[in-house]
Amino acid sequence: MDESRIEPFRAGLLDWAEDNLRQFPWRDLDASLYEVFVAEFFLTQTPAANVARVYPRFLSEFPSLDAIRCSDVESLVEVIEPLGFYNMRVEALDEIATSYDSLPRDADELTELTRVGDYVANATVCFALDRQVPILDRNVDRVYGRVFGDDWPDTKREQLEFADKVLPPEQARTYNLALLDLGAAVCTPTPKCPECFANRFCDYYETQYAGVDG
DNA sequence: AATCCGGGGAA
DNA sequence: TTCCCAGGATT
């Protein structure tokens, strides 16, 4: 396959990251495994701005799995409710806290927790522990699907292989954060190609982008 | 791999 | 009110 886009995309994204990464408390370099996990767990199907509103209070009331285990369901609901999906979330957190003394530091083991799939598991160990693993969510799928066109595979297994291959050595954390932010700010469902660093080699821009007027 | 799921948000 | 959606769970 044609790999000529990989290196310019890597370099371009890392360069873009220097000025464009969003700052959130869960992105602090000293955020704990638990703190990052809680954030990623909440961030599925929920806008970051929404999570940011609830996050500080959640951590102050439930600073650990122990704290969740020792609290009653009603107090969990009260804090999580504004996020939506609070039934599922409270149930899952409750189950996790009663099943684990502490969180596993391994993505595959994290996957065994209730309602924790590949995305939350990989994002957690990448962002909290700087593990060199790929993340794959709707944003990543959209960005890679556009930039790499037909080279971006269809199945999840192959996509993870591809995403792993594209990871820049030792910079997975910054790179993956940038990937999410590019998908959130530029490579949106209706993309803002003119302002994208990748438009010089992006398959979508070359073949399908028709400009802001359609 | 395909389908289902719960619930939030937009059409 | 219907449709769409993102990620996980299920089969």
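Since the model is a prediction, treat every value here as computed from it, not as a measurement. Within every chain, numbering begins at 1; the chains are lettered A, B, ... in the order of the sequence lines, protein sequences first and strands thereafter.
Nucleotide B/dA1 holds its C1' atom 15 Å from the CG atom of A/Leu160, rounded to whole Å. Here C/dG8 presents its C1' atom at 8 Å from NZ of A/Lys156, a figure rounded to the nearest Å. The interatomic distance linking A/Asp141 (CG) with C/dG7 (C1') rounds to 12 Å, in whole Å. Between A/Glu95 atom CD and C/dG8 atom P the separation is 16 Å, expressed in whole Å. Between the C1' atom of C/dG8 and the CD atom of A/Glu91 lies a distance of 13 Å, rounded to the nearest Å. Straight-line distance from the OH atom of A/Tyr119 to the C1' atom of C/dC5: 16 Å, rounded to whole Å. C/dG8 atom C1' lies 12 Å from atom CZ of A/Arg89, rounded to whole Å. Straight-line distance from the CZ atom of A/Phe42 to the C1' atom of C/dG7: 16 Å, rounded to whole Å.
Each of A/Thr111 and A/Arg142 was assigned the nucleotide of DNA chain C with the nearest heavy atom; the assignment lying further toward the 5' end belongs to A/Arg142.
Ring centers of A/Phe148 and A/Phe9: under 6.0 Å apart, within the cut-off.
A/Thr46 comes within 4.0 angstrom of nothing in the nucleic acid, heavy atoms only.
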Show your working on side chain to side chain contact (heavy atoms under 4.5 Å, CB included) between A/Asn20 and A/Leu182 and close with a plain yes or no. CA-CA 8 Å; A/Asn20 295 283; A/Leu182 186 72; over 6 Å; no
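Under the 3.5 Å distance criterion, with hydrogens and angles disregarded, no donor-acceptor pair is assigned to the side chains of A/Asp203 and A/Trp152. Defined by atom type and a distance below 3.5 Å, a donor-acceptor pair is missing between the side-chain atoms of A/Ser75 and A/Glu78.
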With B for base contact, S for sugar-phosphate-only contact and - for none (protein heavy atoms under 4.0 Å), nucleotides 3-10 of chain B reads ---BBS--
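In terms of modelled atom types and a separation under 3.5 Å, the side chain of A/Asp181 and the main chain of A/Arg22 share a donor-acceptor contact.
Rounding to the nearest 0.5 Å places CH2 of A/Trp26 at 15.0 Å from CZ of A/Phe37.
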